[in-house]
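Here's the structure, in structure tokens; my notes come after.
Labels below follow one simple rule: chain letters A, B, ... track the order of the sequence lines, proteins then strands, and each chain is numbered from 1.
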There are 2 protein chains.
Amino acid sequence: MNTEKRINKQKELIETIGRQSEQEGMQPVAGRIMALLMVMDKEQFTFDEIVEELNISKSSASTALKILQLKDMVEYETHPGDRKRYFHIKVQEPFYLFERVKNSMIEKNKMMKSIIKLKADPESKNVLFFKDLIRITDLFLENYEKMKENFFKNQ
Amino acid sequence: MNTEKRINKQKELIETIGRQSEQEGMQPVAGRIMALLMVMDKEQFTFDEIVEELNISKSSASTALKILQLKDMVEYETHPGDRKRYFHIKVQEPFYLFERVKNSMIEKNKMMKSIIKLKADPESKNVLFFKDLIRITDLFLENYEKMKENFFKNQ
DNA sequence: TTTTTGGTTCGTTAATTCCCGAACTAAATA
DNA sequence: TATTTAGTTCGGGAATTAACGAACCAAAAA
């Protein structure tokens, strides 16, 4: 595949990833920025390059970048004698991908326990169902921690 | 705790769960309905009871219930000689809780592989980061399947 | 000192989502 | 046959969100 073709494919991928991010609740512009920083060969973009490349206004870029930094998904560097910010995706400890999931499972687990506590009939359909779910989320969390531990041991 | 107090707590919990569901992208009314069906002692509600209990319009109840049924979260039964529908939460195979997560991991995994394929420099920062993430998601998926298998074996 | 650069903030507009009431339908009852 | 019951569908208004342009600011350059 020649360079031109490859770059076209990269731009298509930005659209795909953008739409995917929207579906996961991210706002359109923020999704496009993430995608841009992830797929292109150049992995550092200045503010103006982002504005230009995605055809968005400076204000949208500014707010979206602020959000992405708050979410710890993007960061920037500056170079002495150069006022520009060089934005790039934030390289994180890879398990961060699952921490959201983990926390959501912990939340659900707690919630189901509170429901059970307040039920009149400790053998109701819902109670039995929630007990099942509690067992399974506990198992999941336990397994997850083991996996993590193992991973770091074998490093 | 006496019954009245307990029921008050249940109603509070409906609010909490409702807000939690909203944060996970569910629409407010749908979240309240789910919460109602989950926490109250009565675990089957007719359409009119839902409307009454949550103080919502029939039309909102109708659309929200349609969505919840489409998402496989709620179902109803009817009894011969009674035109009412008795709505309740759908009891599912408990691993359904993780299937969304699993699918989202598979998607991310694929996406990162497509990004890598299109990069000019196979040693770039992003590429190395994504390779790490691919390893970790693979490990996660593998582990998850094992956990599931084990679970059913020990049943 | 004035101008340019690299952004941020604010107010407005456009688009979307959410929910409601009113009209409607289909089945059961009177 | 007329009325009631148990919902559904449709159109519109309110609230929320997304993105924009214009005005602004602080630091550097001219």
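Place A/K66 and A/K84 on DNA chain C by their nearest nucleotides, and A/K84 ends up nearer the 5' end.
Residue A/L65 contributes atom CG, which lies 13 Å from atom P of C/dT9 at whole-angstrom precision. In this structure, the CD atom of A/E22 is 15 Å from the P atom of C/dA15, given to the nearest Å. Here the C1' atom of nucleotide C/dC20 and the CZ atom of B/R32 are 17 Å apart, to the nearest Å. Taking atom CD1 of B/I50 as the reference point, atom C1' of C/dC19 lies 16 Å away to the nearest angstrom. Following rounding to the nearest Å, B/Y76 (OH) and D/dA6 (P) show an atom-to-atom distance of 14 Å. Between B/D82 atom CG and D/dT5 atom C1' there is a gap of 11 Å when expressed in whole angstrom units. Distance, A/H79 NE2 to D/dA27 C1': 18 Å, rounded to whole Å. Computed from coordinates, the A/I67 CD1 to C/dT8 C1' distance equals 14 Å when rounded to whole Å.
Comparing C/dA28, C/dG7, C/dT5 by their nearest atom to the side chain of A/F47 picks out C/dG7.
Neither side chain, B/S62 nor B/S59, offers a donor N or O lying under 3.5 Å from an acceptor on the other.
A salt bridge links B/E15 to B/R19: one of the charged nitrogens lies within less than 4.0 Å of a carboxylate oxygen. A salt bridge does not link B/K9 with B/E4: none of the charged nitrogens is closer than 4.0 Å to a carboxylate oxygen. By the 4.0 Å N-to-carboxylate-O rule, A/K84 lies too far from A/E77 to be salt-bridged with it.
Considering only side-chain N and O atoms, B/R85 lies under 4.0 angstrom from the phosphate OP1 or OP2 of D/dT8.
Taking the six-membered ring where tryptophan is involved, the planes of B/F47 and B/F87 are tilted, since the angle between them lies from 30° to 60°.
Taken from CZ in B/R32 to CD in B/Q27, the straight-line distance is 11.0 Å, to the nearest 0.5 Å.
A donor-acceptor contact shorter than 3.5 Å is absent between the side chain of A/D41 and the backbone of B/K119.
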Pick out the pairs of N or O atoms, protein on one side and nucleotides 17-22 of chain D on the other, that lie under 3.5 Å.
| unit_1 | atom_1 | unit_2 | atom_2 | d |
| --- | --- | --- | --- | --- |
| D/dA19 | OP2 | A/Q27 | NE2 | 3.2 |
| D/dC20 | OP2 | A/S57 | N | 3.2 |
| D/dC20 | OP2 | A/S57 | OG | 3.1 |
| D/dC20 | OP2 | A/S60 | OG | 2.2 |
| D/dG21 | N7 | A/S59 | OG | 3.1 |
| D/dG21 | O6 | A/S59 | OG | 2.9 |

